[in-house]
Undergrad: 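This structure is in structure tokens; I'll ask about it shortly.
Labels below follow one simple rule: chain letters A, B, ... track the order of the sequence lines, proteins then strands, and each chain is numbered from 1.
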2 protein chains.
Amino acid sequence: MTSSGGPPTVETIAEAAGVSIASVSRVLNGHGGRPDTVRRVERAAAELGYVPNRVARSLKGGRTRQLTFAMPDIGNPAYVSMVRQIQTVTKPLGYRLLLHSTDAVAEDELDVVRSLADRTSDGLIICPIRVTDAHLAALATASGPVVVIGSLPEGAGVDSVRADSVSGAMLAVRHLVALGRRRIGFVNGPADTVPGSHRATGYRSALAEAGLAPEPELTVATDFSVEAGAAAAGRLLDAGLGIDSVFCANDQLALGAAHAAHDRGLRIPEDLAVVGMDDSELARASHPALTSVDLGSGERGRLAAEMLVARLEPAAPAPGGPASGGSASGGSVGRVTVAPRLVVRASTAGPGAATVRQEAARHAPPPERVAPPGVDTSAVCAGSAT
Amino acid sequence: MTSSGGPPTVETIAEAAGVSIASVSRVLNGHGGRPDTVRRVERAAAELGYVPNRVARSLKGGRTRQLTFAMPDIGNPAYVSMVRQIQTVTKPLGYRLLLHSTDAVAEDELDVVRSLADRTSDGLIICPIRVTDAHLAALATASGPVVVIGSLPEGAGVDSVRADSVSGAMLAVRHLVALGRRRIGFVNGPADTVPGSHRATGYRSALAEAGLAPEPELTVATDFSVEAGAAAAGRLLDAGLGIDSVFCANDQLALGAAHAAHDRGLRIPEDLAVVGMDDSELARASHPALTSVDLGSGERGRLAAEMLVARLEPAAPAPGGPASGGSASGGSVGRVTVAPRLVVRASTAGPGAATVRQEAARHAPPPERVAPPGVDTSAVCAGSAT
DNA sequence: CTGAAAGCGCTAACAT
DNA sequence: ATGTTAGCGCTTTCAG
């Protein structure tokens, strides 16, 4: 017997339809054929429940039509919105998306980059939490197109999309200062990560700008999680530093901080104003709703995906030449920065604004971006990308 | 030239090392060889940065060592914890996990099951939100092992792990009744989904058990999201039904409900007790912390993964025979139910308990499962699996 | 329009 | 221990 057991293959179909495997392939790929042949092949395929073996197809074609997205933490809503936006651009193009949670382990990140070489996916979007020399080396020699979501040194030779979290942090702190807060705590994630160090820089710059002396004990660095936020804010509050507000490096930390404040009987924002970052769904879900700096997670995901597919499909090639292909080998390296926006909500708005919010909220949808009275009329403030 | 351009292949290495491709393959797979040969091959491979083409390897071996997990919503923390637990069992075995968010679209779920036939992954864990005849048909003819996380009719012929959400819902409602609440609202997800209908059943049973008449207007069905929860709870509260508590079909809904209550100036739990479901991190992050029914998401993920790998690797085959392989063709069909547990927190505990909690929370880690005074001393109540 | 045949990169007989 | 070869399932020349 020629084709037995196992799932049907082109050969099985060919036999059933009485044609050659070449005809089967052609028909199944819509490459024409005599009406009669087409009909017979399609019938046989349908009857036998034929599904092309994608692995074989990939081996032959050299492409898998699969893309990989590697993020530090699948539980972080900011990455979830990146995933959603990436999907919206890749799915219509017929790509499958492989999701990889690296848990912020550098070695795991490197593995992901290297695994591009195993031809399992055609391209990669990665959010490295740290960028070491090893990362740069791996990225430089990556065997397929890569787009980094994060800050890379100039001339890294890889497409990237970054948030301007330095400006974003400044937006947050300036907002607190404008509200009259002077003892501004900072709950950061790990300080040795790119986001962590940038946010710390922005925090310090904004303080300096406001003529406030930096006090190291006002900063607590931990981990990007709700639990860490609660613990860190707790320490800050219990230390008797007279904190009147706290800027948190992401919404999870801010949620934890709000929790710690509540546990201590503090009112938000009266006793403690809280600002988060990422403007994830957590910010809206929290009570009071969190003022947060939108770093454009979804937007960054979308842009990264667009840059990646541009490398993959030289759809509308520039009239200049046939440049395309692997990471930065063809075409010039892209480097986009997404500007941050401050979204003001009840966690920093005064009691007056809080009342307004509450009133309006009786009628869905609840209002967003309510400006605190007499402070800032445009609640959404774009930061300058530096 | 024999091997040029492109990435190095076994042939490239063979030439560089001066051996045959078979030797390259053997050495690289640790199948022995003369020390000298091994050294030369390894050196050549390292120098050329050789990475085996996994697609070719899969085509040859018939397995990809990739597994797929399909869930309705990647933004739901309950699924995130499933992902984490699945990883803990599959990763050590060398499997890669492909994550797929179906957005609760039935057609997408069917596609995922069918796509098992394209040989892209060796097995599938799926959480269908609805189980139609089409689902059962697709599952029955799946061309690889599948484990369903969810309730399947008896004799479905597929391994499954289910939560007992009927009992879980009863646990929640009984708890509210024990607390003296009588006007218990119910914020459900879509009623035509399996989780939705089961939770509704549990809600009604527990009411009946307590001698409370069912009032259809106390139930609002929407969508499993924070926004939907806020909107639904808002309608419930604005309808003047005298609601004193609300049971929500998941934590996202509960968070939304809590938000709606706050917006209306209601205190939790004094004016409105709130119970969620899934005991996700949202329950802890919320303020006040949410009482929630733990449906064992992580546990279900772990069990499903274990059942799946058991099909994949007949590691320790039962002495009976060599039964194994595809979904339920070999070996008997597994069907496990995970018992629910009620986790009591401040959103239902009386003011007294809330104080206790608040006190204790000053010293990390914050206490969990605080029993409301005089109601239930064992805060964690296992439900009977029916 | 159709069929025969090559070959994607790899592994595993099989032969030496 | 090593080399030769077949073949996984598919697409795509190349003849006819």
Side-chain angles (χ1 to χ4, degrees), chain A residues 1-42 44-45 48-65 116-120 122 143-144, chain B residues 1-42 44-45 48-65 116-120 122 143-144:
Chain A
M1 63 199 78
T2 36
S3 70
S4 60
T9 70
V10 273
E11 190 175 353
T12 323
I13 308 304
E15 283 169 10
V19 298
S20 73
I21 63 170
S23 289
V24 173
S25 176
R26 274 189 291 258
V27 169
L28 263 24
N29 290 295
H31 291 199
R34 203 187 327 174
D36 176 55
T37 312
V38 172
R39 210 167 21 73
R40 286 162 62 192
V41 169
E42 283 176 344
L48 296 171
Y50 173 75
V51 177
N53 182 323
R54 243 175 116 129
V55 174
R57 195 176 262 184
S58 295
L59 179 59
K60 182 76 187 123
R63 296 175 323 148
T64 56
R65 300 212 66 93
L116 249 185
D118 73 15
R119 305 280 131 190
T120 274
D122 299 342
S143 55
Chain B
M1 63 199 77
T2 36
S3 69
S4 60
T9 70
V10 274
E11 189 175 355
T12 323
I13 308 303
E15 283 169 10
V19 297
S20 74
I21 61 169
S23 289
V24 174
S25 176
R26 273 189 292 259
V27 169
L28 264 22
N29 289 294
H31 291 197
R34 204 188 326 178
D36 177 54
T37 313
V38 173
R39 210 167 22 71
R40 287 162 62 192
V41 169
E42 284 176 344
L48 296 172
Y50 172 75
V51 176
N53 183 324
R54 244 174 115 129
V55 174
R57 197 176 261 182
S58 295
L59 179 58
K60 182 80 190 108
R63 296 176 323 147
T64 55
R65 299 213 66 94
L116 250 186
D118 73 15
R119 306 280 131 189
T120 274
D122 299 343
S143 58

Undergrad: From D:dT11, D:dG9, D:dT4, pick the nucleotide closest to the side chain of B:A22?
TA: D:dT4
Undergrad: Please report, rounded to the nearest Å, how far the P atom of D:dA1 is from the CZ atom of B:R39.
TA: 16 Å
Undergrad: Kindly compute the distance separating CG (A:D36) from CZ (A:R39), expressed to the nearest 0.5 Å.
TA: 5.0 Å
Undergrad: Could you tell me how far apart B:D118 (CG) and D:dC8 (C1') are, to the nearest whole angstrom?
TA: 16 Å
Undergrad: Could you tell me whether B:G33 contacts a base, only the sugar-phosphate backbone, or nothing, with contacts defined as non-hydrogen atoms closer than 4.0 Å?
TA: sugar-phosphate
Undergrad: Once you round it to whole Å, what is the distance between P of D:dC10 and CZ of A:R54?
TA: 13 Å
Undergrad: D:dT12 C1' sits how many Å from A:R57 CZ, rounded?
TA: 13 Å
Undergrad: Classify A:V19 by what it touches in the nucleic acid, base, sugar-phosphate, or nothing, heavy-atom distance under 4.0 Å.
TA: sugar-phosphate
Undergrad: Check whether any side-chain N or O of A:N29 sits under 3.5 Å from a backbone N or O of A:H31 as a donor-acceptor pair, and report yes or no.
TA: no
Undergrad: Roughly how far, to the nearest 0.5 Å, is the CZ atom of A:R57 from the CZ atom of B:R119?
TA: 14.5 Å
Undergrad: Taking CG from B:L59 and P from D:dC10, how many angstroms apart are they, rounded to a whole number?
TA: 9 Å
Undergrad: Compare all side-chain heavy atoms of A:L28 with those of A:Y50 and state whether any distance is below 4.5 angstrom.
TA: yes
Undergrad: Taking only side-chain N and O atoms of B:S23, does any of them lie within less than 4.0 angstrom of OP1 or OP2 on D:dT2?
TA: no
Undergrad: If you assign B:D36 and B:A56 each to the DNA chain D nucleotide with the nearest heavy atom, which residue ends up on the more 5' nucleotide?
TA: B:D36
Undergrad: Measuring from A:L116:CG to A:D122:CG, what's the distance to the nearest 0.5 Å?
TA: 9.0 Å
Undergrad: Select base, sugar-phosphate, or nothing to describe what B:R119 touches, counting heavy atoms under 4.0 Å on all strands.
TA: nothing
Undergrad: Can you tell me if the side-chain N/O atoms of A:N53 get under 4.0 Å from OP1 or OP2 in D:dC8?
TA: no
Undergrad: Relative to the 5' end of DNA chain C, which residue comes earlier, B:V51 or A:R34, by the nucleotide with the nearest heavy atom?
TA: A:R34
Undergrad: Expressed in angstrom and rounded to an integer, what is the separation of A:Y50 atom OH from D:dG9 atom P?
TA: 10 Å
Undergrad: Could you tell me the boundaries of the chain B footprint on DNA chain C, defined by atoms under 4.0 Å from its heavy atoms?
TA: C:dG9 to C:dA13
Undergrad: Please give, in whole Å, the distance from D:dG9 P to B:K60 NZ?
TA: 10 Å
Undergrad: In whole angstrom, what separates B:R40's CZ from D:dT2's C1'?
TA: 12 Å
Undergrad: Is a donor on one side and an acceptor on the other found under 3.5 Å between the side chain of B:T12 and the backbone of B:T9?
TA: yes
Undergrad: Test your reading of the model: is there a side-chain donor-acceptor pair from B:T64 to the backbone of B:S58, 3.5 Å cut-off?
TA: no
